[in-house]
Amino acid sequence: MSIYDSLNQEQREAVFCTDGPLLLLAGAGSGKTRVLVHRIAYLIEEKKVKPWNIMAITFTNKAAKEMRERVDDMIGYGASDCWVSTFHSSCVRILRRDIDKLGYSANFSIYDTDDQKRLIKEVLKSLQYDTKQFSERAMMNAISAAKEQYISPAEYMEDAVGDFRREKIAKVYVNYQKQLETANALDFDDLLYKTVELFEHHPDVLEYWQERFRYIMVDEYQDTNGVQFIFIKQLASKYRNICVVGDDDQSIYKFRGADVRNILEFEDFFPESTVIKLEQNYRSTKNILNVANSVIRNNTARMDKTLYTDNDEGETTTFAQYQDNYKEAEAIADEVSKIVASGANYKDFAVLNRTNAQSRVFEEKFGVYNIPYKIVGGVSFYSRMEIRDIVAYLKLVNNLSDDQAMKRIINVPRRGIGQTTVEKINEFAMEREIAFFDAASMVEEISTISKATAKKIAAFVEMIDDFTEIADKGDIAELYDKVVEETGYLNNLVLEGTEDAKDRINNLEEFKSKIVDYENNEAEPSLQGFLTDVALISEVDNLVSDDAVTVMTIHSAKGLEFPYVFLSGMEEGIFPGYMTINSGNDDDMEEERRLFYVGATRAEKRLYLSASKRRMVNGQQQFNKVSRFVDEIDREYLNFSPTVDSSAFSSDFAADIFTKTKPVAMKPAYTLKSEPKKYKDAVKDDSPFEIDYKVGDRVRHIKFGSGTVKEITPTGSDYEVLVDYDLRGVRRSFASFAKLKKEE
DNA sequence: CTCCTTTGTCTTTTT
DNA sequence: GACAAAGGAG
């Protein structure tokens, strides 16, 4: 009896296949984390591989943390020597050691999206670009896309020749990167990019890490982008013991540069690789998988793989459409309450949305229904203004070249240093290609700045110098105290006395306790280390311990599972999103479909789909048709009569989705390779649906078996029929969906 | 330089 | 409808 006995045939194969490249295609809920953890255990215990020769890379801190814990539990002593971390934090560790070889220094700052945006804005301004034509957002996306492909500013410039717009973007990229260098700062993409660059130009450094990591494992491989793939190739090219785990059907970050081709190209680069498929799902019921499979099979770009399960049939997935999103949220709240009353916990439920904005209604209605809930996403703790302000002080102290940090707080709290002064200092700094802080230290040399203003700036510089001295003592909490005190930041909030100010003070206190926590738990705490954690750790890493319903986007639900899952807003324009429909891009639509697949496969016991006829979007009332993804589900797997709130099942429901879905379904933009069953099959054009049975007749349902018709109610173009099934009891459904056959 | 009003914008987002 | 950014008055 060993720990490997609990694995199935394919899982065991994957665990024992330790040498050489391995491509593991693992469907949703097929136990891939289990395999990875067992594989690490096997390497250490059976193959006697040293723990520090093993590296496991994940995308999220949450995944890393979970794997870390499971490895520690299974292996115990020595396990902590193997690296289990995200791409980004691995890169930071590598860069802190050798980045000086690239002209940066080890105390580099990490710029988050906000810093990035501000810097780009400055660059656009200095280039005098029309921000209508060249939006910050577009520039950020373009630069990010370039870095994800490991395209340098110079290469980008070269490629862009002859293309007016791209030439202009190239200039932004060049300037942006120059500014980052002056600021001794790296953006998120740089963390990967610069590591790859380091490896490329310094073979000795690469070899050091190749020797270090002889066994490499990569989770969620389908979400790797170009530069991440290069990073993996570089590290693994010597020992070639590389195991990647992915599922092409769960690739939902293409918009962020993830490239499914990395799965296909893996075999090109590592031709000797073994491919193992994990197709047995242990998470969901047959019904849930049927729903997920019937939608995902409409995608053309897929690897050959079919998920199956030995689990029970389970309950039929329901679909319901409500008058508006308030009714929808109420119905969901109601259903949650009912199931909780019969013994479930609140934490067994998740409401998954396409967009964060959809969460708001649930916040409101769950409050009314007294249902404990937590909203994941939205404004994270570290992006609150007061936290960002104080972090900027700490970042500046850690890296005096950090221009974004400096510019953020030079006048926070207000100390009479305005925009024009900032611009004057900036100009001075740009001319000399020095950091903003250094320019500010030389303020008396800037002729355009008045004596009075210069005095204020000198005082600020002096204060930062004081902070730097305190920081050198190594006590972060003490530094924090000095900062909030000396700057008057805390005092200002106290004087304000508003509810809002009190909130902010609380947040700052929480932030301080995070500092203390860090100092107590870290082996070698440092300001730099703390700031790295702050930059890389996101709020989603929250504990799931409290008993509450989770409300979040499908994106953030990836890798999670819940007994009961509600996919709300199953509407054209919401899911699939408005942008995707308009772009007419098949690839984008396939990504939305994969997103549905990810959402549906989160459910263990029961899945609910719902839509609203009317909802507020961006301050405007919108009337949406039912999502095409609902169309694509084989009707036998769906129960169209809502168990939630039958009154919301309006009489014109059937007519509504028939007429509204049809024109959409006929547009060629998303014609599907295998024509799925459509509602129009059930109803012949616009003529009313005809039935050949009456009350008292014996009928047969494809799923529920035989029963007796109890009641028939005409609803315009359809009939609502109440049938007492011999095995399933009384159910109400629409004649067109139920497809009842009269028994002779 | 600061404060207040108007205008614009709006997917998803592991780090 | 919510929030940031830009513009104008004090």
Side-chain angles (χ1 to χ4, degrees), chain A residues 57-65 85-92 110-114 116-118 121 125 131-132 135-137 140-141 144 147-148 186-192 219-220 222-225 227-228 250-258 352-358 360-361 376-380 382-383 385 411 413-422 450 452-453 456 532-541 552-560 569 573-583 588 591-592 594-596 598-599 615-622:
Chain A
I57 308 178
T58 62
F59 275 81
T60 61
N61 294 301
K62 194 172 57 193
K65 198 176 148 199
S85 61
T86 63
F87 271 105
H88 292 82
S89 60
S90 303
C91 287
V92 172
I110 299 168
Y111 275 9
D112 63 18
T113 13
D114 195 66
Q116 213 181 340
K117 202 170 143 199
R118 285 163 188 252
K121 202 170 158 189
K125 204 173 173 189
T131 47
K132 289 232 165 54
S135 69
E136 292 141 42
R137 184 175 261 247
M140 268 170 76
N141 288 340
S144 200
K147 287 183 176 179
E148 277 156 2
L186 271 64
D187 63 21
F188 284 134
D189 298 314
D190 276 343
L191 294 177
L192 262 302
D219 195 14
E220 303 282 8
Q222 75 283 350
D223 288 329
T224 49
N225 60 34
V227 69
Q228 285 163 337
Q250 290 188 71
S251 164
I252 54 172
Y253 283 101
K254 206 183 67 154
F255 71 94
R256 273 194 65 100
L352 306 184
N353 297 314
R354 176 67 244 269
T355 66
N356 273 315
Q358 288 166 251
R360 184 165 243 106
V361 212
V376 177
V379 187
S380 95
Y382 290 103
S383 57
M385 181 176 61
N411 198 33
R414 303 260 123 91
R415 45 177 76 90
I417 304 171
Q419 208 187 331
T420 35
T421 314
V422 170
S450 73
T453 316
K456 291 178 198 162
T532 304
D533 279 8
V534 170
L536 298 182
I537 283 173
S538 74
E539 200 55 8
V540 194
D541 312 322
M552 60 182 156
T553 62
I554 303 173
H555 279 93
S556 25
K558 197 167 80 160
L560 304 178
I574 301 288
F575 192 17
Y578 165 78
M579 293 289 218
T580 309
I581 296 174
N582 276 359
S583 81
D588 290 352
E591 176 136 326
E592 294 271 328
R594 289 193 293 270
L595 196 53
F596 177 86
V598 169
R615 76 168 63 231
M616 240 352 179
V617 180
N618 296 338
Q620 280 193 313
Q621 290 289 351
Q622 222 175 61

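In the text below, chain A, chain B and the rest are named by the order of the sequence lines, each starting its count at 1.
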Visitor: Between the base of B/dT13 and the side chain of A/Arg256, is there a donor and acceptor pair under 3.5 angstrom?
Guide: yes

Visitor: Heavy atoms from C-beta onward define the side chain here; which of B/dT11, B/dT14, B/dT12 lies closest to that of A/Phe255?
Guide: B/dT12

Visitor: Using OP1 and OP2 only, check whether a side-chain N or O of A/Asn61 sits under 4.0 Å from B/dT15.
Guide: yes

Visitor: With the 90 degree cut-off around zero defining syn, does B/dT11 come out syn or anti?
Guide: syn

Visitor: Please state how far atom CE in A/Met579 lies from atom C1' in B/dT9, giving the value in whole angstrom units.
Guide: 10 Å

Visitor: So which nucleotide from B/dT14, B/dT11, B/dT15 ends up closest to the side chain of A/Phe59?
Guide: B/dT14

Visitor: Pick base, sugar-phosphate or nothing for A/Thr58, based on heavy-atom distances below 4.0 Å to the nucleic acid.
Guide: nothing

Visitor: In terms of the nearest nucleotide of DNA chain B, which residue is placed more toward the 5' end: A/Lys132 or A/Ala535?
Guide: A/Lys132

Visitor: Tell me what A/Gly619 touches on the nucleic acid: a base, only sugar-phosphate, or nothing, going by heavy atoms under 4.0 Å.
Guide: base

Visitor: What nucleic acid atoms does A/Ser89 come within less than 4.0 Å of, heavy atoms only: base, sugar-phosphate, or nothing?
Guide: nothing

Visitor: Can you tell me the distance, in whole Å, between the CG atom of A/Leu352 and the P atom of B/dT11?
Guide: 20 Å

Visitor: Out of C/dG1, B/dT14, B/dT13, which nucleotide sits closest to the side chain of A/Asn618?
Guide: C/dG1

Visitor: In whole angstroms, how far is the C1' atom of B/dT12 from the OH atom of A/Tyr578?
Guide: 16 Å

Visitor: Given atom CD of A/Glu220 and atom C1' of B/dT15, what is their separation to the nearest angstrom?
Guide: 14 Å

Visitor: State, to 0.1 Å, how close A/Asp223 and A/Ile252 come at their nearest heavy-atom pair, and which atoms those are.
Guide: OD1-N, 3.7 Å

Visitor: For A/Glu136 and A/Arg118, run salt bridge (charged side-chain N to carboxylate O under 4.0 Å, His left out): C-alpha distance rounded to whole Å, both residues' side-chain angles, the deciding distance at 0.1 Å, then the answer.
Guide: CA-CA 9 Å; A/Glu136 292 141 42; A/Arg118 285 163 188 252; over 6 Å; no

Visitor: Side chain of A/Arg360: nearest nucleotide among B/dC1, C/dA2, B/dT13?
Guide: C/dA2

Visitor: Choosing from B/dT14, C/dG1, B/dC3, which nucleotide comes nearest the side chain of A/Met616?
Guide: C/dG1

Visitor: Between atom CD in A/Gln419 and atom P in B/dC3, what is the gap in whole Å?
Guide: 14 Å

Visitor: Would you mind classifying the nucleic acid contact of A/Tyr253 as base, sugar-phosphate or nothing, using non-hydrogen atoms under 4.0 angstrom?
Guide: base

Visitor: Treating a pair as Watson-Crick (purine N1 to pyrimidine N3 plus N6-O4 or O6-N4) or G-U wobble (N1-O2 and O6-N3) with both distances under 3.5 Å, list the stems of 3 or more consecutive pairs that involve DNA chain B.
Guide: B:1-10 with C:1-10

Visitor: Near A/Gln419 CD, under 6.0 Å, is it more than 12 heavy atoms from other residues, nucleotides or ligands?
Guide: no

Visitor: Identify whether any heavy atom of A/Asp189 sits under 4.0 Å from a base atom; if not, whether one sits that close to sugar-phosphate; answer base, sugar-phosphate or nothing.
Guide: nothing

Visitor: When we call it a touch if two heavy atoms are under 4.0 Å apart, what does A/Ile252 touch: a base, just sugar-phosphate, or nothing?
Guide: nothing

Visitor: Provide, to the nearest angstrom, the distance between the CD atom belonging to A/Gln228 and the P atom belonging to B/dT14.
Guide: 14 Å

Visitor: Keeping A/Asn61 on the side-chain end and A/Leu536 on the backbone end, is there a donor-acceptor pair under 3.5 Å?
Guide: yes

Visitor: What nucleotide, of B/dT15, C/dA6, B/dC10, holds the atom closest to the side chain of A/Lys121?
Guide: C/dA6

Visitor: Any non-hydrogen side-chain atom of A/Leu186 less than 4.5 Å from a side-chain atom of A/Tyr111?
Guide: no

Visitor: Is A/Lys117 near enough to C/dA5 that one of its side-chain N or O atoms lies under 4.0 angstrom from OP1 or OP2?
Guide: yes

Visitor: Quick one: A/Arg615 CZ to B/dT11 P, roughly how many Å, whole number?
Guide: 15 Å

Visitor: Kindly indicate whether the side chain of A/His555, heavy atoms from C-beta on, has any atom under 4.5 Å from the side chain of A/Leu595.
Guide: yes

Visitor: What I'd like to find out is whether the side chain of A/Phe59 reaches to under 4.5 Å of the side chain of A/Asp219, using heavy atoms alone.
Guide: no

Visitor: Measure the CD1-CD distance between A/Ile110 and A/Gln116 for me, rounded to the nearest 0.5 Å.
Guide: 12.5 Å

Visitor: With a 3.5 Å distance limit and no angle check, can you tell me whether A/Gln620 reaches the backbone of A/Val617 through a side-chain donor-acceptor pair?
Guide: no

Visitor: On DNA chain B, check which nucleotide each of A/Glu592 and A/Gly416 is closest to and give me the residue with the more 5' one.
Guide: A/Gly416

Visitor: Categorize A/Asn356 for me: base, sugar-phosphate, or nothing, with a 4.0 angstrom heavy-atom threshold over every strand shown.
Guide: sugar-phosphate

Visitor: B/dT15, B/dC3, B/dT13: which one has an atom nearest the side-chain heavy atoms of A/Arg414?
Guide: B/dC3

Visitor: To the nearest Å, give me how far apart CG (A/Asp114) and P (C/dA5) are.
Guide: 8 Å

Visitor: Which part of the nucleic acid does A/Lys254 contact within heavy-atom distance under 4.0 Å: base, sugar-phosphate only, or nothing?
Guide: nothing

